[in-house]
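Below is one structure, written out as structure tokens; comments come after it.
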There are 4 protein chains.
Amino acid sequence: MLPAGQPKFRRRKADRPDEIVAAAFEVFGEKGFAAARLDDIAARAGVSKGAIYLYFATKEDIFQAVVEQGVAPNLQNLAALAAANPQNFPDLLRGVARMMAHMASTTPLGGIIKMVVGEARNFPELARVWHDRLIVPALGTLTAVIAAAQARGEVQPGDPRLYAVSLISPLLVGVIWRETFTPIGAEPFDLAGLMEQHVETLLRGMVP
Amino acid sequence: MLPAGQPKFRRRKADRPDEIVAAAFEVFGEKGFAAARLDDIAARAGVSKGAIYLYFATKEDIFQAVVEQGVAPNLQNLAALAAANPQNFPDLLRGVARMMAHMASTTPLGGIIKMVVGEARNFPELARVWHDRLIVPALGTLTAVIAAAQARGEVQPGDPRLYAVSLISPLLVGVIWRETFTPIGAEPFDLAGLMEQHVETLLRGMVP
Amino acid sequence: MLPAGQPKFRRRKADRPDEIVAAAFEVFGEKGFAAARLDDIAARAGVSKGAIYLYFATKEDIFQAVVEQGVAPNLQNLAALAAANPQNFPDLLRGVARMMAHMASTTPLGGIIKMVVGEARNFPELARVWHDRLIVPALGTLTAVIAAAQARGEVQPGDPRLYAVSLISPLLVGVIWRETFTPIGAEPFDLAGLMEQHVETLLRGMVP
Amino acid sequence: MLPAGQPKFRRRKADRPDEIVAAAFEVFGEKGFAAARLDDIAARAGVSKGAIYLYFATKEDIFQAVVEQGVAPNLQNLAALAAANPQNFPDLLRGVARMMAHMASTTPLGGIIKMVVGEARNFPELARVWHDRLIVPALGTLTAVIAAAQARGEVQPGDPRLYAVSLISPLLVGVIWRETFTPIGAEPFDLAGLMEQHVETLLRGMVP
DNA sequence: TATGAATGAGTTTTCATTCAT
DNA sequence: CATGAATGAAAACTCATTCAT
């Protein structure tokens with residue numbers, strides 16, 4: 001991560017905002033927006049409270065940066081999904097599901113989702129950003145793929161948008177479960193296994 | 001300020017706690033725990049701030065009451081599920097799905113789920129109550145029904161717990177969607193329609 | 001206490017104020033004025049909070065009644081002291097000391113003293129009532145007795161007012177000790193024994 | 001509001017806690033714990049209310065600091081008492097009395113005593129600190145000195161602990177008087193003169 | 001009279017934001 | 001740029017007092 005040749009423990013100023021956002025992401029994810037304290041964020045970022053205000057004007061601005069920054073990496077995956085070469089439909093769906101399960105397992109998607117869901121009423125703009133920039137395109141792409149398969153006769157009749165929701169829902173629920181109930185000792189779900197069984201079952205039901 | 005002839009005091013002790021919980025439910029559902037102000041709850045309940053403290057010792061206690069009160073009504077539906085006469089498996093599943101969709105459409109389940117998910121880290125006890133009293137029994141009953149059908153050869157092999165999650169996930173996602181994105185103008189989902197298509201598709205994939 | 005012929009458990013209205021004052025005395029004595037809650041007083045008096053306001057206009061009024069009522073019984077003892085037939089001086093002093101020790105042991109004098117001392121700054125009027133009506137007369141009478149004995153040559157030269165303070169101080173300290181340190185497990189003082197030894201010693205030093 | 005040129009912030013972290021405790025001591029001494037307002041303490045310390053919470057978590061903590069800080073300076077005097085070279089008993093007692101009278105005249109002992117006595121029921125821990133760390137050692141040392149003198153035949157038989165109380169009581173009463181009745185115009189006592197006459201009288205009664 | 005639910009002003013406590021250093 | 005002590009507005013909580021019953 002650090003540029004080669006830079007002293008290892010000399011933090012570059014340019015990294016500060018990202019470090020703050022990263023720390024803020026953790027704290028917001030754990031406590032929610034209102035319950036998160038600037039003190040905590042500063043401590044976790046290893047900076048003073050005052051330093052945060054060199055980069056962000058208000059607590060809200062930090063939150064916006066966190067949630068908006070959560071959109072970006074997923075957008076790339078979305079592009080990859082759209083560009084997937086469409087072999088046959090079942091394999092495409094399997095590939096998509098596997099990719100999403102991997103993404104869900106390796107990124108802090110759960111924290112982001114909690115924030116967006118929990119603070120949508122207080123920060124409608126954030127909900128809008130997520131809806132417009134990520135969810136609608138992703139759902140739209142998946143819906144289009146399904147509709148195309150229907151047109152080719154590879155998928156049973158039915159609302160393709162609902163098929164898309166059917167497909168991804170267990171992943172979302174699994175991620176939420178991980179954030180909500182696993183910390184209190186609940187039995188966790190294996191996301192990959194869940195999605196594999198789910199997709200196989202759904203596929204058997206979707207193909208004619 | 002007060003309309004002439006309106007008594008300043010009302011004296012309806014028996015009703016008050018419920019009124020306060022109802023108001024608190026709304027405010028917590030809109031703002032989350034930390035951002036909710038006692039003033040708002042009091043105003044919405046039509047009482048003074050002080051009156052709240054006649055019935056609840058702290059803000060946390062109100063929140064507990066709200067979330068715990070959300071468990072009870074669902075428990076009845078759970079009992080109904082457990083007592084369903086098992087005719088054939090597909091019809092049983094269809095009945096369950098229809099019942100849950102109806103419940104999700106007519107109760108403020110979404111608000112409760114948002115609260116439980118959003119505040120689980122801050123109030124693990126609440127997550128535990130929901131997990132132990134509602135989710136595990138519900139998921140367990142559904143899992144048992146599926147496992148029984150598997151034993152009778154009516155359902156394909158596979159982890160019955162994962163089948164159960166597959167089944168109910170779109171409902172949860174639909175409810176969350178309603179709370180999160182519908183308020184900003186997103187296209188809503190018809191929960192009943194979503195569940196119907198989902199269950200039919202899944203059933204075709206589950207039966208041998 | 002109750003008039004004969006009255007049903008035993010039928011409380012007479014006329015007793016209410018006294019019962020309230022008695023309860024208030026306990027609570028004020030334990031908590032001090034500001035920390036005492038009307039709820040506690042009402043509960044201990046066995047009346048409703050509202051009932052208190054039928055007899056007292058404010059919390060301060062109750063406090064005044066408590067402290068002023070604490071003056072009265074002591075005034076009688078003061079009169080007795082003044083009227084004591086003066087035999088010889090040592091026996092007079094012994095009698096006075098014994099009487100005061102008995103009084104201190106059988107009345108809640110400690111609580112009253114704590115109140116007067118603790119709230120003198122907040123309620124100077126109360127300090128004034130106690131000073132003018134009880135302390136100055138008592139100290140004056142004692143001083144006069146000592147001065148008279150000096151005039152008869154029965155007591156060494158010296159400021160008779162200071163002799164008076166020397167005489168009664170251990171009693172006050174003993175009472176304060178009882179209120180302050182005995183409740184936390186400190187070794188108590190036997191007031192009668194303390195005063196007896198004190199007076200005998202002092203007498204040996206006072207007489208020529 | 002602020003005079004031009006006055007900085008709004010002061011930055012004197014090291015001094016602050018002591019300034020706050022000093023201000024709190026005054027306010028608690030005047031009003032008692034419950035009636036003291038944080039606003040007053042802050043104003044008297046010349047800081048904002050919020051600044052207090054940088055150093056003390058609760059109002060109780062401030063009070064504890066105040067009362068515990070009152071123990072320390074007296075401990076030194078106690079050590080001096082214990083180390084006094086015992087010449088002959090009367091001179092030792094005279095020295096002790098003079099030292100204590102001086103201490104009582106130059107330190108805010110009266111305020112502290114009022115607090116400890118007035119709040120002992122509400123804060124038993126404080127009473128315990130004072131009892132264990134100051135009063136018992138002091139009384140014990142004095143008692144031992146008297147007992148030793150008795151063993152040498154320099155003091156009449158009698159309970160040495162009671163003799164000790166006899167000795168110091170007028171000082172305590174004088175200090176309490178100063179706090180309670182002098183502010184309302186009562187005739188003050190000259191503590192030094194009181195103790196001198198008291199000790200001389202008592203000595204004449206104590207020696208055989 | 002008596003009750004006790006209800007009020008609302010007042011107090012403690014929190015914390016985003018500012019600013020002297 | 002960076003710090004963190006200090007601020008002050010806002011929020012939770014308390015409780016003397018009121019008043020419909």
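Given the structure is predicted, the values throughout are model-derived calculations rather than measurements. Each chain gets a letter, A, B and so on, in the order the sequences are listed, and its residues count up from 1.
Heavy-atom distances to DNA chain F give each of C/A57 and D/G50 a nearest nucleotide, and the one nearer the 5′ end belongs to D/G50.
Which of E/dT11, E/dA2, F/dA2 sits closest to the side chain of C/R16 comes down to E/dA2. You'll find that the side chain of B/L54 is closest to E/dA5, out of E/dA5, E/dG4, F/dT3. Listed nucleotides F/dA12, F/dA16, F/dA2 differ in distance to A/A51; the shortest reach to its side chain belongs to F/dA2.
In this structure, the CG atom of C/L38 is 15 Å from the C1' atom of E/dT7, given to the nearest Å. Here E/dA9 presents its P atom at 17 Å from CG of D/D39, a figure rounded to the nearest Å. With rounding to whole Å, A/I52 atom CD1 is found 15 Å from F/dC1 atom C1'. What separates NZ of D/K31 from C1' of E/dT12 is a distance of 17 Å, to the nearest Å. One interatomic measurement links the two molecules: OH of D/Y55 to C1' of F/dG4, which rounds to 10 Å at whole-angstrom precision. When rounded to the nearest whole Å, the span between CZ of D/F56 and C1' of E/dT14 equals 18 Å. What separates CD of C/E60 from C1' of F/dC15 is a distance of 15 Å, to the nearest Å. We find that CZ of C/R37 is positioned 16 Å from P of E/dG4, with the value rounded to whole Å.
Between E/dG4 and C/S48, no contact under 4.0 Å exists linking OP1 or OP2 to a side-chain N or O. The shortest distance between the side-chain N/O atoms of C/K49 and the OP1/OP2 oxygens of E/dG4 is not below 4.0 Å. Of the side-chain N and O atoms in B/Y53, none sit less than 4.0 angstrom from OP1 or OP2 of F/dT14.
Within the nucleic acid shown, C/A36 comes within 4.0 Å of sugar-phosphate atoms alone, with no base atom in reach, counting heavy atoms only. Counting non-hydrogen atoms under 4.0 angstrom, D/A35 reaches nothing in the nucleic acid.
For the pair C/K49 (side chain) and C/D39 (backbone), a donor-acceptor distance under 3.5 Å is absent. With hydrogens and angles disregarded, a donor-acceptor distance shorter than 3.5 Å links the side chain of C/K59 to the backbone of C/A36.
Using Watson-Crick or G-U wobble geometry with both donor-acceptor distances under 3.5 Å, F/dA20 finds its partner in E/dT3.
A salt bridge between C/E19 and C/R44 is absent, with no side-chain N of the basic residue lying under 4.0 Å from a carboxylate O of the acidic one. Contact check on B/E179 versus A/R121 returns a salt bridge, with a Lys/Arg side-chain nitrogen under 4.0 Å from an Asp/Glu carboxylate oxygen.
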Applying side chain to side chain contact (heavy atoms under 4.5 Å, CB included) to B/F28 and B/I62, what does each step give before you reach the verdict? CA-CA 10 Å; B/F28 284 138; B/I62 310 171; 4.1 Å; yes

